[in-house]
Amino acid sequence: MARIANCVFFVSMASAAQAQQFSIPDLTPVETQGRAIFSRSCTICHLSQQLGTGTFGPQLSKATLDGDASVLREVISNGMPHMPGFKHMYQPAQIDSIIAYLKTVPAPAPVSPNAAR
Ligand code: HEC
C-alpha cells in the first residue's frame with residue numbers, strides 16, 4: 001500500500017515540476033508586455049543562469065523592494081551603481097508594465113541549509 005502511495009506521489013510531483021517549467025502563467029496584456037521587456041532588457045543580469053553560479057544582479061520578484069511600485073519605478077528609471085537606468089529606453093507605461101510583471105513573479109524561497117529537510 002505504502003509503495004503505491006509513493007508512486008502516486010512521485011507522478012504528481014513530476015507533473016507539477018513539468019507544469020512549472022513549461023506552462024505559461026496567465027498574464028494580463030500589460031503583464032505580458034512587461035515580461036517581454038524584462039526578458040529583452042533585464043534577464044541578462046537578473047536571471048540565474050545556472051544553479052550555483054549566481055546572478056550579476058539580484059533575483060527579482062514581487063518581494064523586491066517590498067513590492068513598492070514607486071521605488072521600483074525610480075530604480076528602473078534611473079538605475080543603480082551597477083545597473084543602467086531605462087528612462088531613455090522605455091516610456092513610463094512600459095516601465096510600469098515591467099513592475100506589473102514583477103508582481104506576478106513569486107518570491108524565491110530563502111536559501112537555507114535546512115531547506116532540504
Ligand atoms: C547590466 C546589468 C543589469 C541590467 C541590464 C539590469 N539590471 Fe537591475 N540591477 C543590476 C545590479 C547589479 C543590481 C544591484 C544594485 C547595484 O549593484 O547597482 C540591480 C538592481 C535592481 C533592482 C533593485 C533590487 C533590490 O532588491 O534592491 C531592481 C528593481 C532592478 N535591478 C530591476 C531591473 C529591471 C526591471 C531591469 C530591466 C529593465 C534591470 N534591472 C536591468 C544589474 C542590472
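Read the numbers this way: they start at 1 and go in the same order the structure lists the ligands and their atoms.
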Protein heavy atom at shortest distance from atom 27 (O) of ligand 1: L65 CD2, 3.4 Å

Winner among Q59, R40, H82 once heavy atoms are compared against atom 18 (O) of ligand 1: H82

Numbered atoms of ligand 1 (with element) below 4.0 Å of I98, judged on heavy atoms: 35 (C), 38 (C)

Angle at atom 8 (Fe) of ligand 1 (to 10°), with one arm to SD of M83 and the other to NE2 of H46: 170°

T43 side-chain N/O to H46 backbone N/O, donor-acceptor pair under 3.5 Å: no

I99 side chain reached by I76 side chain, heavy atoms, under 4.5 Å: yes

Closest protein heavy atom to atom 41 (C) of ligand 1, given as residue, atom name and distance to 0.1 Å: F86 CE1, 3.5 Å

I37 contact mode with ligand 1 (heavy-atom cut-off under 4.0 Å): neither

Atom 11 (C) of ligand 1 - nearest protein heavy atom and its distance: G57 CA, 3.7 Å

Side chain proximity check, L27 to T104, heavy atoms < 4.5 angstrom: yes

Donor-acceptor contact below 3.5 Å, side chain K62 vs main chain G67: no

Heavy-atom nearest neighbour in the protein, as seen from atom 14 (C) of ligand 1, with distance rounded to 0.1 Å: P58 CD, 3.5 Å

Test item: Q91 and I95 side chains (from C-beta on) under 4.5 Å apart, heavy atoms: no

H82 side chain to G57 backbone, donor-acceptor under 3.5 Å: no

Between Y90 and S77, a side-chain donor and acceptor under 3.5 Å: no

Residue P81 vicinity, atoms of ligand 1 by number, heavy atom under 4.0 Å: 18 (O)

Distance from atom 38 (C) of ligand 1 to nearest protein heavy atom, with residue and atom: C42 SG, 2.6 Å

Protein contact of atom 26 (O) of ligand 1 - nearest heavy atom, named by residue and atom, plus distance: T64 CG2, 3.7 Å

Expected output: side-chain S41 to main-chain F38 donor-acceptor under 3.5 Å: no

Check: S41 N/O within less than 3.5 Å of ligand 1 N/O: no

Closest contact, heavy atoms only, S61 versus P106: CB-O, 3.4 Å

Those atoms of ligand 1 less than 4.0 Å from some heavy atom in L72: 29 (C)

Side-chain donor/acceptor of D66 to backbone N/O of D68, under 3.5 Å: no

Nearest protein heavy atom with distance in Å, relative to atom 28 (C) of ligand 1: V75 CG1, 3.6 Å

For ligand 1, the portion of F56 having any non-hydrogen atom under 4.0 Å away: both

Heavy-atom nearest neighbour in the protein, as seen from atom 15 (C) of ligand 1, with distance rounded to 0.1 Å: M80 SD, 3.6 Å

Residue pair Q94 / Q33, side-chain heavy-atom distance below 4.5 Å: yes

Subset of ligand 1 atoms that lie under 4.0 Å from at least one heavy atom of C45: 1 (C), 2 (C), 3 (C), 4 (C), 5 (C), 42 (C), 43 (C)

